[in-house]
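For clarity, every value in this text was computed on a predicted model and none was experimentally measured. Any value given below was found using the heavy atoms of this structure, including those in side chains, with hydrogens, waters and symmetry copies removed. In what follows, chains are A, B, ... by sequence order, proteins preceding strands, each numbered from 1.
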Amino acid sequence: METSPLKIYRKLLKHFGKQKWWPAKTKFEVIVGAILTQRTNWINVEKSIERLKEAKKLSIISLATEEKSYIEDLIHSSGFYKQKTERLVLISRYILEKYEGDLHLFFKKSLKEIRKELLSLKGIGPETADSVILYSAEKLILPIDAYTLRVFMRIRGNVGNYNQMQRYLMDELPKEIGVYKEFHAIIVKLGKVYCKKKPRCHLCPLESTCKKGD
DNA sequence: ACCCAGGTGGCCC
DNA sequence: GGGCCACATGGG
């Protein structure tokens, strides 16, 4: 029975194949998706992103200046649409005002600085910040989501809080952006397919290591 | 009619 | 530090 994160990662890779995250065309689209998907099914997020694109509002300048009620309408399908509109507008205005609307300028800063600035924005918590840093800024940090905590809880028992889980996994995994990107994506894939409330452990690739139940 | 989804902030102790 | 709640839609 092997429970090391790297072994688990390899097993999941073999089972599911590469996920090739993040599904977005631009760095800014990653940020928008990261905010919209907070506690929300990705299908609903895709609809919002499509609507933003059709309306030609998927840009820093548009989201920073557009009427909020209009953005609320465009992202309606993602739920929590008032909060999320606030969050999209806030980060868009931040990048516009502090970095001339140029994400590359923002991402030239150090990982620590970027993380600190993202976390200072209301509505950007650790997972959203780390997702933006990994998939948009493409720097070395591993986002921890509910699935990650659940999966490792089932395999190892108590896993601690966000920071402890993150430290543990980043310490165990090869320090490569590509690995981190795939690892996070494939854990989400596992969570979507198998680790629902009713575990289907007999089909799960981690069956032998899973303690079953939470 | 429930339950959940690629969280976060506010409040409480 | 952790526990609980509001935030809201759409699919199973």
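A 6.0 Å sphere centred on CD of A:Glu54 holds more than 12 heavy atoms belonging to other residues, nucleotides or ligands. The number of heavy atoms from other shown groups lying within 6.0 Å of NZ (A:Lys14) does not exceed 12. Heavy atoms of other residues, nucleotides or ligands lying less than 6.0 angstrom from NZ of A:Lys53 number more than 12. In the displayed structure, A:Lys27 atom NZ is contacted under 6.0 Å by more than 12 heavy atoms of other residues, nucleotides or ligands.
Within 4.0 Å (heavy atoms only), A:Leu119 reaches no atom of the nucleic acid at all.
Here A:Phe107 pairs with nothing under the ring-ring contact (aromatic ring centres under 6.0 Å, His included) rule; sequence neighbours left out. The ring-ring contact (aromatic ring centres under 6.0 Å, His included) search around A:Tyr99 returns A:Phe106, not counting sequence neighbours.
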Protein heavy-atom contacts under 4.0 Å, written 5' to 3' over nucleotides 1-10 of chain C as B (base), S (sugar-phosphate only) or - (none), form the string SS----BBBS

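If you take CG of A:Asp145 and P of B:dC4, they are 16 Å apart, rounded to a whole angstrom. Computed from coordinates, the A:Ile144 CD1 to B:dG7 P distance equals 12 Å when rounded to whole Å. Atom CD1 in A:Ile35 sits about 14 Å away from atom C1' in B:dG9, given to the nearest Å.
One P atom belongs to C:dC5, the other to B:dC4, and the distance between them is 15 Å to the nearest Å. Nucleotides C:dG10 and B:dT8 have their P atoms positioned 22 Å apart, rounded to a whole Å.
Judged by distance alone, the side chains of A:Thr128 and A:Gln38 do bring a donor and an acceptor atom under 3.5 Å apart. Between the side chains of A:Ser48 and A:Ser78, at least one donor N or O lies within less than 3.5 Å of an accepting N or O. When only modelled atom types and interatomic distance are considered, A:Tyr168 and A:Asn163 share no side-chain donor-acceptor pair under 3.5 Å.
Residues of residues 165-188 of chain A that place a heavy atom closer than 4.0 Å to DNA chain C do not occur. Within residues 122-141 of chain A, no residue approaches DNA chain C, by heavy-atom distance under 4.0 Å.
A:Pro143 and A:Tyr135 get closest at one heavy-atom pair: CG-CE1, 4.4 Å.
Residue pairs meeting the salt bridge (charged side-chain N to carboxylate O under 4.0 Å, His left out) criterion with at least one partner in residues 82-94 of chain A, sequence neighbours excluded, are A:Lys68-A:Glu86.
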